[in-house]
Amino acid sequence: MSSISFDRAADFYDATRGYAEGVAEQIRDAIIAYTGATLESRFLELGVGTGRVALPFIQAGYDFTGVDISQAMMDRLEQKLNPDKIYRYQLQQADITQLPFTDDSFNVAYAVHVFHLVESWQKAAQEAKRVLKPGGWLLVAYETASIDESERKSPASIVRNKWDEIFTNMGLAKHSVRPGVWGADETIIEYLKGLGATTEIATLADFMWPAISMRQMADRLINRLYSSDWATPDDVHNEASLQLEKWLTEECLNPDELIVSSSQFKIVSATWE
């Protein structure tokens, strides 16, 4: 298994992973503040997708480059741009483990919720270092639930936990194994240090996800809207779906109640002198 393409998710990605209004701009501003970037800085997003993070950079006039192995996802991004405006951006279909750019080309490179989808994530880190200018930044970003009382009641968390429990009870510890590594996994930090980087874990933004109900979250899992379920055999997935629907009907008191949940946008940063 190598990198996972999200071609099949292009039509529903924004509806299931999109931020609430204003959050993407909040994240953009936090990245700029953290790295000290300016309008003269060159940005590179590894795994740009439909542009949920990239769009505010492009719309604000930053020099922005995005790469992704899914052309369908990037096509969605371009559909969001005003055709009558001039932007400083380019999108290129490419694998982040083989970037088609010269050395010392960018000031800031970042990847959001991507490294867990890439088997050769070490090569992606090497490539990011190669194309960064001296003093440039690599940000390996991820979203993680806030630790508070309201988050413990998150419909997404409750339903996902039940989904995982169902697979465990079926004798499957994990219904899908991702090829790469997650978030602030110590393996990432140690590898970046091995490349000579100065590293740090930081929280750049606190935000709220759009409201969702347990039934809506269950429907997403049943309809395989998350990559963790794409490789599950049909018979196993169908049985798990039946059990999830039964649990939702028989044990959930308010499956249609819409609830917002809190989260944090965090990074592992790496910089090289």
Side-chain angles (χ1 to χ4, degrees), residues 2-3 24 27-49 51-58 60-70 73-74 77 87-143 180-205 265-273:
S2 54
S3 302
I27 290 170
R28 175 201 63 199
D29 293 345
I31 291 174
I32 291 169
Y34 184 85
T35 60
T38 70
L39 280 172
E40 303 307 313
S41 301
R42 297 196 66 207
F43 286 87
L44 170 66
E45 181 168 359
L46 310 173
V48 67
R52 65 179 187 141
V53 178
L55 199 61
F57 282 98
I58 297 171
Y62 285 91
D63 186 335
F64 193 92
T65 299
V67 298
D68 205 293
I69 58 174
S70 172
M73 293 282 278
M74 292 189 292
L77 191 168
Y87 303 102
R88 296 194 298 162
Y89 84 102
Q90 66 166 316
L91 302 177
Q92 190 157 343
Q93 187 175 22
D95 194 308
I96 65 173
T97 65
Q98 295 179 304
L99 295 174
F101 309 115
T102 59
D103 297 357
D104 305 336
S105 295
F106 300 95
N107 301 97
V108 180
Y110 70 85
V112 183
H113 206 60
V114 167
F115 271 32
H116 68 289
L117 302 171
V118 181
E119 184 175 31
S120 301
W121 61 268
Q122 299 94 332
K123 182 61 176 174
Q126 293 171 25
E127 281 288 273
K129 178 187 177 184
R130 178 183 66 78
V131 302
L132 282 171
K133 297 179 180 181
W137 294 88
L138 168 62
L139 309 180
V140 181
Y142 58 102
E143 299 126 351
V181 287
W182 286 91
D185 190 301
E186 189 65 28
T187 306
I188 293 178
I189 298 169
E190 291 305 312
Y191 187 78
L192 292 171
K193 287 180 178 178
L195 293 179
T198 299
T199 65
E200 179 183 48
I201 299 175
T203 300
L204 295 194
F265 186 89
K266 304 189 75 168
I267 58 165
V268 175
S269 70
T271 186
W272 292 268
E273 296 300 329

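One is the number of the first residue; the rest follow in order along the sequence.
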- Check: W121 and T187 side chains under 4.5 Å, non-hydrogen atoms: yes

Give me the ring orientation class for F57 and F43: parallel if the planes are under 30° apart, tilted from 30 to 60°, perpendicular past 60°. tilted

In short, G66 meets M74 closest at the heavy-atom pair O-SD, 4.3 Å

Output for pair (I58 CD1, E45 CD), nearest 0.5 Å, gives 8.5 Å

Interatomic distance, OH@Y62 vs CZ@R88, rounded to 0.5 Å, equals 9.5 Å

For A205 and I27 the tightest heavy-atom approach is CB-CG1, 4.4 Å

Applying side chain to side chain donor-acceptor pair (under 3.5 Å) to T102 and not counting sequence neighbours gives S105

Interatomic distance, CD@E127 vs CD1@I96, rounded to 0.5 Å, equals 10.0 Å

When every non-hydrogen atom of L77 is compared with those of G51, the smallest separation belongs to CD1-CA, 3.5 Å

Salt bridge between E143 and R52, side-chain N to carboxylate O under 4.0 Å? yes

Take atom CD in Q93; do more than 12 heavy atoms of anything else shown fall under 6.0 Å from it?
yes

**Prompt:** Could you go step by step and tell me if R42 and T65 meet the side chain to side chain contact (heavy atoms under 4.5 Å, CB included) rule?
**Reply:** CA-CA 8 Å; R42 297 196 66 207; T65 299; 3.8 Å; yes

Self-check item: Crowding at CD, E273 (>12 non-hydrogen neighbours, <6.0 Å)
Solution: no

Mutual orientation of the aromatic rings belonging to Y87 and Y89 [parallel < 30°, tilted 30-60°, perpendicular > 60°]:
perpendicular

What one should report as the nearest heavy-atom pair of K266 and I201 is CE-CG2, 4.4 Å

With a 4.5 Å cut-off on side-chain heavy atoms, are V118 and T97 touching? yes

In residues 190-200, what donor-acceptor pairs under 3.5 Å come from side-chain atoms, sequence neighbours left out?
{"unit_1": "Y191", "atom_1": "OH", "unit_2": "Q126", "atom_2": "NE2", "d": "2.5"}
{"unit_1": "E200", "atom_1": "OE1", "unit_2": "Y34", "atom_2": "OH", "d": "2.4"}

Closest heavy-atom pair, F101 versus L44, reported as atoms and distance to 0.1 Å, is CE1-CD1, 3.9 Å

Tightest non-hydrogen contact, residues A128 and L138, listed as CB-CD1, 3.8 Å

CZ (F115) and CD (Q122) are apart, to the nearest 0.5 Å, by 9.0 Å

Value for CG (L204) from CZ (R28), rounded to nearest 0.5 Å, stands at 14.0 Å

Quick note, salt bridge (Lys or Arg N to Asp or Glu O under 4.0 Å) partners involving residues 96-109, not counting sequence neighbours, are D103-R130

Evaluate V112 against F265 for side chain to side chain contact (heavy atoms under 4.5 Å, CB included), listing each step before the verdict. CA-CA 9 Å; V112 183; F265 186 89; 3.8 Å; yes

| message | Between S70 and D68, do the side chains contain a donor N or O and an acceptor N or O under 3.5 Å apart? | response | no

